[in-house]
J.: 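One structure coming up, written as structure tokens, with questions to follow.
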Protein chains: 2
Amino acid sequence: MITQKEPGESLMERMRAQGVRITPQRALIAELLENARDHLDADSVYRLARRTDRGIHRATVYRTLATLKRLRLIDELDLMHVEGERHFYEVRPSTLHIHLVCLSCGSVQEPEGRFWESMKGKVFRETGFKPEIVRLEMGGRCSKCRTGKKKATKVRGN
Amino acid sequence: MITQKEPGESLMERMRAQGVRITPQRALIAELLENARDHLDADSVYRLARRTDRGIHRATVYRTLATLKRLRLIDELDLMHVEGERHFYEVRPSTLHIHLVCLSCGSVQEPEGRFWESMKGKVFRETGFKPEIVRLEMGGRCSKCRTGKKKATKVRGN
DNA sequence: CTAACTGCAAACCTTTTGCATTGAC
DNA sequence: GTCAATGCAAAAGGTTTGCAGTTAG
């Protein structure tokens with residue numbers, strides 16, 4: 001769901017365009033992030049990367065994620081901490097979307113739309129604050145968990 | 001700024017109403033959270049609490065914050081991690097507001113308004129997801145930092 | 001009185017850092 | 001060839017937990 005390929009360049013091409021030195025490790029991490037079916041946290045990236053490169057080090061993963069974040073090529077998410085204190089990452093999407101995290105089953109929905117996009121302009125017009133990064137996460141109950149059994153599978157506080 | 005007193009009961013009264021055992025430590029922590037002028041993180045709560053109760057323990061602070069969070073009496077914020085990985089807390093406000101975190105100076109604005117409140121209904125109507133906790137944080141540049149000197153005081157990635 | 005809470009200390013988990021070596025451009 | 005990135009290991013930072021003693025209701 002998070003992998004609607006950007007029309008433009010790949011993450012690696014954009015890294016190169018930003019003047020970042022392309023190492024095999026970075027290329028691998030970029031590819032993993034782009035092809036991920038779910039949101040990955042640092043440890044997931046590390047374990048996936050090790051399938052291809054046995055020697056890759058955790059520190060390299062962290063450093064690469066930090067670089068990508070600094071270049072605004074990926075966004076960092078907390079997903080309401082339903083899964084502990086990990087941070088998750090996604091390739092920065094072209095249109096703003098929000099994350100609906102079900103506190104019962106842990107599923108994450110990502111509705112898109114003009115409505116969310118309009119928030120940035122509204123904030124700027126009303127406060128003079130120029131938003132660059134938007135993180136909108138809602139915790140609650142997805143329709144399945146609400147209509148189905150009341151007993152939640154995996155209730156989390158926040 | 002975050003202390004517009006709720007019309008209803010105090011945080012401690014609401015804890016009691018929820019069946020939580022009121023200890024001096026919990027009463028103290030609740031009072032600190034309610035009277036805080038800024039957003040507090042766990043360590044700030046701990047240090048403030050120690051001014052009154054020398055013997056209070058960090059673990060008690062963490063456990064009380066977790067309890068309040070579970071009861072939905074306080075909300076947890078990350079404030080875009082401009083200050084590291086700490087979590088900040090605020091007494092759950094009656095009206096939804098958003099947090100605008102300046103990546104240059106670290107200031108936090110909290111505009112309120114119907115617009116943000118309307119997001120919950122919109123999400124529910126369009127997706128069937130019932131939002132309980134909303135966390136909307138934007139990172140960017142506040143008007144001062146944009147109009148003033150271009151060199152930021154304290155630039156942070158995200 | 002008793003279940004729930006506290007203080008304590010140790011563990012835990014994720015992330016960061018200094019340094020010598022390796023490698024991209 | 002040179003500067004930047006990697007692997008390594010150690011430390012940092014923030015949070016959690018098991019346990020024995022204490023206390024609110």
Side-chain angles (χ1 to χ4, degrees), chain A residues 12-13 15-30 32 39-50 52-71 73-74 76-89 156-158, chain B residues 12-13 15-30 32 39-50 52-71 73-74 76-89 156-158:
Chain A
M12 208 185 74
E13 285 166 331
M15 288 173 78
R16 180 177 285 120
Q18 296 266 0
V20 172
R21 194 169 282 190
I22 304 299
T23 65
Q25 294 90 336
R26 284 175 172 175
L28 173 56
I29 292 168
L32 290 172
H39 294 107
L40 303 178
D41 68 338
D43 188 59
S44 303
V45 173
Y46 171 64
R47 281 189 316 237
L48 285 173
R50 267 184 26 115
T52 303
D53 176 353
R54 297 297 307 180
I56 198 169
H57 199 272
R58 275 202 152 79
T60 302
V61 171
Y62 280 107
R63 283 188 279 230
T64 300
L65 291 173
T67 300
L68 290 168
K69 193 169 70 172
R70 182 172 45 77
L71 297 175
L73 296 179
I74 61 175
E76 188 181 54
L77 314 169
D78 296 294
L79 300 182
M80 305 301 295
H81 297 130
V82 262
E83 303 273 0
E85 301 311 314
R86 282 171 272 167
H87 300 158
F88 298 86
Y89 300 90
R156 295 296 306 263
N158 168 346
Chain B
M12 208 186 73
E13 286 166 330
M15 287 173 79
R16 180 177 284 120
Q18 296 265 0
V20 172
R21 193 170 281 192
I22 305 298
T23 66
Q25 294 89 339
R26 283 175 174 175
L28 173 55
I29 292 168
L32 291 171
H39 294 107
L40 303 178
D41 68 339
D43 188 59
S44 304
V45 173
Y46 170 63
R47 282 188 316 234
L48 286 173
R50 265 183 29 114
T52 303
D53 176 353
R54 299 296 308 178
I56 198 169
H57 199 271
R58 275 204 154 79
T60 302
V61 172
Y62 280 107
R63 284 189 279 230
T64 301
L65 290 173
T67 299
L68 290 169
K69 192 169 71 172
R70 181 171 46 76
L71 296 175
L73 296 178
I74 61 174
E76 188 181 55
L77 314 168
D78 295 294
L79 299 183
M80 305 302 294
H81 297 131
V82 263
E83 302 273 359
E85 302 310 314
R86 281 171 272 168
H87 300 158
F88 298 86
Y89 300 90
R156 295 295 306 263
N158 170 345

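Letters A, B, ... mirror the listed sequences (proteins, then strands); counts begin at 1. From a predicted model like this one, the values you see are computed outputs, not experimental measurements.
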J.: Counting side-chain heavy atoms from C-beta on, which of C:dA3, D:dT15, D:dT17 comes nearest to B:Ala59?
T.: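 Shortest atom-to-atom distance from the side chain points to D:dT17.
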
J.: Does the side chain of B:Thr60 get closer than 4.0 angstrom to OP1 or OP2 of C:dG7 through an N or O atom?
T.: yes

J.: Over how many whole Å does the gap from B:His57 atom NE2 to D:dT23 atom P extend?
T.: 16 Å

J.: Hey, does the side chain of B:His87 come within less than 4.0 Å of D:dT15's phosphate (OP1/OP2), counting only N and O?
T.: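 Checking D:dT15 against B:His87, a side-chain N or O does come within under 4.0 Å of OP1 or OP2.
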
J.: Measuring from atom CZ of A:Arg21 to atom OG1 of A:Thr67, what distance do you get when rounded to the nearest 0.5 angstrom?
T.: 12.5 Å

J.: Counting only side-chain heavy atoms from C-beta out, which of C:dT15, D:dT15, C:dA4 sits nearest to B:Arg21?
T.: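 It is C:dA4.
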
J.: To the closest 0.5 Å, what do you measure between CG (B:Leu73) and CD (B:Gln18)?
T.: 5.5 Å

J.: Of the nucleotides C:dT15, C:dC5, D:dT6, which has the atom closest to the A:Arg26 side chain?
T.: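 So the nucleotide nearest the side chain must be D:dT6.
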
J.: To the nearest 0.5 Å, what is the distance between CG on B:Asp78 and NE2 on A:His81?
T.: 4.5 Å

J.: For A:Arg63, answer base if it contacts any base atom (sugar-phosphate contacts may also be present), sugar-phosphate if it contacts only those atoms, and nothing otherwise; contact means non-hydrogen atoms under 4.0 Å.
T.: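 The answer is base, as A:Arg63 lies within the cut-off (heavy atoms under 4.0 Å) of a base atom.
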
J.: D:dT16 phosphate, OP1 or OP2: any side-chain N/O from B:Tyr62 under 4.0 angstrom?
T.: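 So the side chain of B:Tyr62 is outside the cut-off, no N or O lying under 4.0 Å from OP1 or OP2 of D:dT16.
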
J.: Expressed in angstrom and rounded to an integer, what is the separation of A:Leu68 atom CG from D:dA5 atom P?
T.: 12 Å

J.: Roughly how far, to the nearest 0.5 Å, is the NE2 atom of A:His57 from the CZ atom of A:Arg63?
T.: 8.5 Å

J.: Rounded off to whole Å, could you give me the CZ-to-P distance for the A:Arg16 and C:dA24 pair?
T.: 12 Å

J.: What's B:Ala66 touching, base or sugar-phosphate or nothing? Going by heavy atoms closer than 4.0 Å.
T.: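 No contact at all - B:Ala66 keeps every heavy atom at 4.0 Å or more from the nucleic acid.
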
J.: Could you check whether B:Glu85 and A:His87, counting side-chain N and O atoms only, form a donor-acceptor pair closer than 3.5 Å?
T.: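 Note: A:His87 and B:Glu85 side chains meet the donor-acceptor criterion.
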
J.: Can you tell me which nucleotide in C:dT15, C:dC8, C:dA24 comes closest to the side chain of A:Pro24?
T.: C:dA24

J.: Looking only at side-chain N and O atoms, does B:Arg86 come under 4.0 Å of OP1 or OP2 in D:dG14?
T.: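 Checking D:dG14 against B:Arg86, a side-chain N or O does come within under 4.0 Å of OP1 or OP2.
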
J.: Quick one: A:Arg70 CZ to D:dA5 P, roughly how many Å, whole number?
T.: 9 Å

J.: If you assign each of A:Glu85 and A:Val20 to its closest nucleotide in DNA chain D, which residue comes earlier from the 5' end?
T.: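 The residue closer to the strand's 5' end, by nearest nucleotide, is A:Val20.
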
J.: Calculate the interatomic distance between A:Leu28 atom CG and D:dA5 atom C1'; express it in whole Å.
T.: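 The answer, rounded to whole Å, is 15 Å.
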
J.: What closest approach, in Å, do A:Ile22 and A:Ala27 show between heavy atoms, and which atom pair accounts for it?
T.: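 Smallest heavy-atom distance, with atoms named: CG2-CB, 4.3 Å.
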
J.: How long is the line joining CD1 of A:Ile56 and C1' of C:dT22, in whole Å?
T.: 15 Å

J.: Rounded to the nearest angstrom, tell me the gap between atom CZ in B:Arg58 and atom C1' in C:dC12.
T.: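 The distance from CZ of B:Arg58 to C1' of C:dC12 comes to 16 Å, rounded to the nearest Å.
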
J.: So if I apply the side chain to side chain contact (heavy atoms under 4.5 Å, CB included) rule between A:Tyr89 and each of A:Leu65, A:Ile29, A:Leu40, which one comes out positive?
T.: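 So the option named by the test is A:Leu65.
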
J.: Would you tell me if any nitrogen or oxygen in the side chain of B:Thr23 comes within less than 4.0 Å of OP1 or OP2 on C:dC5?
T.: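 So the side-chain polar atoms of B:Thr23 never come under 4.0 Å of the phosphate oxygens OP1 or OP2 of C:dC5.
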
J.: So how far off straight is the helix from C:dC1-D:dG25 to C:dC25-D:dG1, going by the axes through five pairs at either end, to 10°?
T.: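 End axes: 50° apart.
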
J.: Rounding to an integer number of Å, can you tell me how far B:Tyr46 OH sits from D:dT15 P?
T.: 14 Å

J.: Would you tell me if any nitrogen or oxygen in the side chain of B:Gln25 comes within less than 4.0 Å of OP1 or OP2 on D:dT23?
T.: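 No.
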
J.: Quick one: closest heavy-atom pair of A:Val61 and A:Tyr46, and the distance?
T.: CG2-CA, 3.9 Å

